[in-house]
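Not measured: the values here are computed from a predicted model. In what follows, residues are counted from 1 in the order of the sequence shown.
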Amino acid sequence: MQIEPRQFRDALGGFCTGVTVVTTRAADGELLGITASSFNSVSLAPPLVLFSLDRNAYSVAKFQQAGHFAVNVLAREQNELCMRFARPLGDKWSGVDFEVWQTGAPILPGCVSNFDCRTYAIYDGGDHLIFLGEVLRMQTQPDLDPMIYYRGGFHGLTDDG
């Protein structure tokens, strides 16, 4: 059976995921950020997480070279940030507040959780690269409703539909 990419993508859409903005500061100082739903926990000891990035993404080489990244788990109310960082190019950072922790990667306020990570390993993942990160610092706000991506749309846990 040959699996068609569009059908595969549609089938994967039946698995709801959280929505993140993954950020880094490149070696040249450029701030980078991408919206990603490909985020997962890997290990508790050591604390490891992963995200994947399309090999054709503008920022892929800079993420590889940076040696660090932050994962910002979006709250339901952060749709504007989600859409801003989903754009392929342009000035994504104009007017965006952030703070910097240990690695220098931008940490976005108002998120459900933030993870400041040192790049632990990068793996081949077909048309994506898989970035494994060791969490150096984190924070969480468990009272916030997370943004959920399901069947091509953004939702919250409290949605009625």
Between Gln102 and Asp116, do the side chains contain an N or O donor and an N or O acceptor separated by less than 3.5 Å? no
One should read off an interatomic distance between Glu80 CD and Phe85 CZ, to the nearest 0.5 angstrom, of 8.5 Å
The remaining residues in the hydrophobic cluster of Ile107, counting side-chain heavy-atom contacts under 4.5 Å among Ile, Leu, Val, Met, Phe, Trp and Tyr, are Trp101
* To do: Please report the C-alpha distance between Lys62 and Glu30 in whole Å, then the side-chain angles of each, then the deciding distance to 0.1 Å, and finally whether the salt bridge (Lys or Arg N to Asp or Glu O under 4.0 Å) criterion is met.
  => CA-CA 9 Å; Lys62 292 187 178 195; Glu30 181 181 7; 2.4 Å; yes
- Query: Linking I/L/V/M/F/W/Y whenever their side-chain heavy atoms sit closer than 4.5 Å, directly or via other members, would Val96 and Met83 fall into one cluster?
  - Reply: yes
CG (Leu108) and CD (Gln78) are apart, to the nearest 0.5 Å, by 7.5 Å
- Item | Heavy-atom check, side chain of Leu53 versus side chain of Ser59, under 4.5 Å | yes
One should read off an interatomic distance between Asn114 CG and Glu99 CD, to the nearest 0.5 angstrom, of 7.5 Å
Rounding to 0.5 Å, atoms CZ (Phe69) and CG (Leu32) come to a distance of 13.5 Å
Could you check Asp124 against Arg55 for salt bridge (Lys or Arg N to Asp or Glu O under 4.0 Å), going step by step and ending with a plain yes or no? CA-CA 9 Å; Asp124 176 21; Arg55 288 181 181 275; 2.4 Å; yes
Here the gap from Cys111 atom SG to Glu77 atom CD, rounded to the nearest 0.5 Å, amounts to 11.0 Å
Smallest heavy-atom separation, Glu134 atom then Pro46 atom, equals OE2-CB, 4.3 Å
Here the pair of heavy atoms bringing Leu50 nearest to Val42 is CD2-CG2, 3.5 Å
- Thr20 side chain to Asn72 main-chain N or O, any donor-acceptor pair under 3.5 Å? no
Correct closest heavy-atom pair for Thr23 and Pro106 would be OG1-O, 2.5 Å
**OP:** Take the angle between the ring planes of Phe131 and Phe51 and call it parallel below 30°, perpendicular above 60°, tilted in between.
**Re:** parallel
In short, Arg118 meets Leu136 closest at the heavy-atom pair CB-CD1, 3.9 Å
Taken to the nearest 0.5 Å, the spacing of Ser113 OG from Gln141 CD works out to 8.5 Å
Worksheet item: Do Phe63 and Thr119 come close enough that some side-chain heavy atom pair is under 4.5 Å?
Response: no
For Thr35 and Ala86 the tightest heavy-atom approach is OG1-N, 3.1 Å
### Query
When you look at OH of Tyr120, are more than 12 heavy atoms from neighbouring residues, nucleotides or ligands closer to it than 6.0 Å?
no
Between Val135 and Cys117 the two heavy atoms that sit nearest each other are CG2-SG, 3.9 Å
**Asked** Does the Thr24 side chain pair with the main chain of Ala26, one donor and one acceptor, at a distance under 3.5 Å?
**Response** no
